[in-house]
Amino acid sequence: MNSANRETRIALLEDGKLMEYRVEREERVVGSIFKGIVQNVLPGMDAAFVDIGLERNAFLYVGDIVPEEGDDTSPASVKRSELRRRKIKELIKPGQELMVQVTKGPRGTKGARVTTRISLPGRYVVLVPEGGHLGVSRKVEDRRERDRLRRIGEKVLPETFGLIMRTECEGRTEAELRADIQFLQQLWSQVLEAAKKLRAPCVVHRDQTLLYRTIRDVFGDEIDRLVIDDPDEYEKVSLVASMVAPNLKDKIVLYDKDEPVFDHYNIEKDLDDLMEHHVRLRSGGYLVIDQMEALTAIDINTGKQVGTKSLNDTILKTNMEAADEVCRQLRLRDMGGIIVIDFIDMEDENDKKKLMDHFQKGLDRDRARTRIGKISSLGLIEITRKRTGESVTELITTVCPTCEGRARIPSVDTISLWIEREMRRRVAEPGNAFYVQCHPAIVENLIGADGEAIEELEHELHRGLYLRANFDYEIDEFEVTGGSIDEFDEALMGFRRTQVLECNVRSSHADRSGKAIGWTDKGFYVELLDGHDLVGSRVKVVLQDIRRAFAVADVVIPGKGALRG
């Protein structure tokens with residue numbers, strides 16, 4: 001785990017190889033519970049739209065509505081397919097308040113998907129208020145263990161609640177499971193209390209942070225070590241682990257070396273490849289990955305792989321290696337929905353069976369639920385993989401303004417974080433300052449609102465930071481130069497307070513409210529106290545406050561002097 005002010009990154013390595021990657025830069029909504037207001041009911045779609053306080057209304061399907069008490073179609077006694085046949089206009093109406101849980105996050109132009117069938121995941125069990133059903137994870141395959149867990153579940157199941165025994169509960173004692181249930185019951189009481197006090201639309205319970213969810217869902221007996229580079233997070237995780245998994249506490253390690261933790265484990269190189277269209281195989285073959293709105297297509301090619309025995313042998317070896325890499329990329333990029341894989345055509349039925357068995361074995365190691373079809377007559381394999389939110393590539397990239405979405409480029413946040421990490425790598429070098437040249441949008445992002453971000457970064461790095469925009473740079477180009485404050489002051493800071501400068505006024509890349517920014521000919525950022533009506537023009541300004549990375553100025557209006565904001 002790598003923790004910084006603006007993001008948390010978690011990487012899962014198997015045999016030293018990066019297999020899964022998760023990043024959190026803002027609070028996620030999946031798993032959070034909201035008190036919403038039904039906006040409109042659509043009988044033709046058997047669905048409703050619910051205002052839960054997000055940018056877009058959430059989508060509620062008829063099959064995701066739990067009947068009220070006294071309804072003959074209670075979820076404990078009726079199959080879900082029968083619940084779908086009910087009429088939505090008989091269940092809810094516009095203006096009605098509902099408590100819902102987000103099951104799928106907003107994506108593109110679509111709002112979040114929600115359900116009234118609320119569930120609270122714990123370390124070993126999932127508690128379902130108003131459920132009444134007891135289930136055991138399918139991944140617990142031993143029949144005797146399933147029977148044992150079911151007997152314990154029947155003893156500890158609270159009245160009016162449903163219970164799902166998670167895979168992690170395998171081998172656990174009744175006391176451990178009971179403690180987990182009691183914790184979740186207390187949490188549910190807090191949710192109900194908050195729902196009574198708060199006014200809709202609002203959030204009544206936020207799902208835990210990425211790190212906590214990792215401890216809860218991933219950090220099990222099969223994990224050798226959890227390496228954390230932040231002392232504060234290390235203390236928090238140790239405390240959480242001592243409560244929910246005391247037997248795993250000794251596996252938590254604090255990383256305290258000078259080299260960044262992701263560099264130490266050679267993870268950054270794999271992350272650079274994460275956005276690549278082509279994925280190279282060791283044999284010389286390669287994958288081509290195209291992620292689209294409706295589906296993801298993966299094509300396998302032999303490339304430079306020529307083999308040594310026969311064509312059939314070469315094709316089988318390439319397909320087997322590609323199957324391993326496809327399974328890795330599914331997990332690494334967290335791909336979801338319909339995925340079509342175009343393996344190289346094979347004529348031998350035994351070779352096809354070997355490939356399918358090998359591929360299925362690889363998919364079995366994926367925690368996400370997957371379904372696989374047979375090899376079609378065209379040599380295609382279709383699978384579906386359940387995902388609840390944005391894929392990793394969607395999260396760390398943005399739509400390219402040049403190609404209008406036909407490809408992707410790193411987002412402004414991602415590039416800014418690249419620059420920050422580059423400076424952190426070089427803090428051991430001589431000097432007390434860095435000079436950064438980059439695209440103007442990146443300069444603006446690094447400075448932040450009122451210069452707070454750059455000031456915080458200077459304090460964290462104990463370095464003076466000089467930022468200048470280069471208008472010839474592409475969005476992802478930048479250069480970091482180390483040196484001294486005296487050296488950079490002499491070369492870059494020929495300014496004084498009340499000095500009059502000329503600058504070009506451009507719109508802000510980040511602020512859509514019409515904020516304007518002045519740029520000097522040498523790329524110095526000038527925050528204008530007023531100037532939104534001057535975008536596109538060249539104006540004179542008088543400097544009021546000067547920092548290493550930016551200045552604040554008034555616009556000089558001819559015949560009137562300085563125009564104060």
query: Given the side-chain rings of Trp519 and Tyr525, with only the six-membered ring counted for Trp, is the space between their centroids under 6.0 Å?
result: yes
- prompt: Are Phe49 and Phe59 an aromatic pair by the rule of ring centers under 6.0 Å?
  reply: yes
Working for side-chain contact (heavy atoms from CB on, under 4.5 Å), residues Leu12 and Thr214: CA-CA 10 Å; Leu12 174 65; Thr214 302; over 6 Å; no
Any [X] side-chain heavy atom under 4.5 Å of [Y] side chain:
X: Gln185; Y: Leu127; answer: yes
X: Leu248; Y: Ile252; answer: no
X: Leu465; Y: Arg547; answer: no
X: Met335; Y: Gln329; answer: yes
X: Arg22; Y: Asp334; answer: yes
X: Arg425; Y: Glu268; answer: yes
X: Asp273; Y: Val279; answer: no
X: Thr481; Y: Tyr466; answer: no

Enter the distance from [X]:[atom1] to [Y]:[atom2] here, rounded to the nearest 0.5 Å.
X: Leu417; Y: Arg25; atom1: CG; atom2: CZ; result: 5.0 Å
X: Glu527; Y: Phe550; atom1: CD; atom2: CZ; result: 6.5 Å
X: Asp51; Y: Phe34; atom1: CG; atom2: CZ; result: 10.5 Å
X: Thr115; Y: Leu60; atom1: OG1; atom2: CG; result: 7.0 Å
X: Tyr255; Y: Asn2; atom1: OH; atom2: CG; result: 10.5 Å
X: Leu18; Y: Lys269; atom1: CG; atom2: NZ; result: 11.5 Å

Candidate pair Arg426 and Phe434, rule side-chain contact (heavy atoms from CB on, under 4.5 Å), full reasoning: CA-CA 9 Å; Arg426 298 173 57 177; Phe434 287 119; 4.0 Å; yes
Smallest separation among heavy atoms of [X] and [Y], with atom names:
X: Ser119; Y: Val126; answer: CB-CG1, 3.7 Å
X: Val412; Y: Ala441; answer: CG1-O, 3.8 Å
X: Glu233; Y: Leu211; answer: OE1-CD2, 3.3 Å
X: Pro106; Y: Leu54; answer: CG-CD1, 4.5 Å
X: Phe471; Y: Gly523; answer: CE1-CA, 4.3 Å
X: Ile475; Y: Ile442; answer: O-CG1, 3.7 Å

With distance as the sole test, does [X] use its side chain to make a donor-acceptor pair with the main-chain N or O of [Y] at under 3.5 Å?
X: Thr8; Y: Glu24; result: no
X: Gln101; Y: Gly31; result: yes
X: Lys35; Y: Ala195; result: yes
X: Asp64; Y: Arg117; result: no
X: Arg123; Y: Asp180; result: no
X: His277; Y: Ile289; result: yes
X: Arg166; Y: Gly122; result: yes
X: Asn470; Y: Gln437; result: no
X: Ser32; Y: Asp207; result: yes
X: Asp15; Y: Lys17; result: no

message: Going by side chain to side chain contact (heavy atoms under 4.5 Å, CB included), name the residues that satisfy it together with Asn266, two or more places apart in sequence or in a different chain.
response: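 Partners of Asn266 by the side chain to side chain contact (heavy atoms under 4.5 Å, CB included) criterion come out as none, since no residue qualifies.
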Contacts of type side chain to side chain contact (heavy atoms under 4.5 Å, CB included), residue Gln190, not counting sequence neighbours: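 So Gln190 forms a side chain to side chain contact (heavy atoms under 4.5 Å, CB included) with Leu187.
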message: Working note: Glu222 + Arg365, criterion salt bridge (charged side-chain N to carboxylate O under 4.0 Å, His left out); need CA distance, chi angles, decisive distance, verdict.
response: CA-CA 12 Å; Glu222 72 280 7; Arg365 293 195 292 270; over 6 Å; no
Salt bridge (charged side-chain N to carboxylate O under 4.0 Å, His left out) evaluation trace for Glu7 with Arg421: CA-CA 12 Å; Glu7 70 171 356; Arg421 287 199 286 272; 2.8 Å; yes
[atom1]/[X]: more than 12 non-hydrogen atoms of other groups inside 6.0 Å:
X: Glu429; atom1: CD; value: yes
X: Arg369; atom1: CZ; value: no
X: Glu14; atom1: CD; value: yes
X: Glu382; atom1: CD; value: no
X: Glu477; atom1: CD; value: yes
X: Leu254; atom1: CG; value: yes
X: Asp258; atom1: CG; value: no

task: Please lay out, stage by stage, how Leu226 and Ile215 fare under the test side-chain contact (heavy atoms from CB on, under 4.5 Å).
output: CA-CA 9 Å; Leu226 172 60; Ile215 299 297; 3.4 Å; yes
task: In plain terms, say whether Arg328 and Asp324 are close enough for a salt bridge, that is, a side-chain N and a carboxylate O under 4.0 Å apart.
output: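 Salt bridge flag = no for Asp324 with Arg328.
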query: side chain to side chain donor-acceptor pair (under 3.5 Å) between Glu444 and Ser508: does it pass, once the steps are laid out?
result: CA-CA 8 Å; Glu444 187 178 345; Ser508 165; 2.3 Å; yes
task: Using the side-chain contact (heavy atoms from CB on, under 4.5 Å) rule, take Thr370 and Arg385 through it: C-alpha gap first, then chi angles, then the decisive distance, then the call.
output: CA-CA 4 Å; Thr370 57; Arg385 185 175 185 274; 3.6 Å; yes
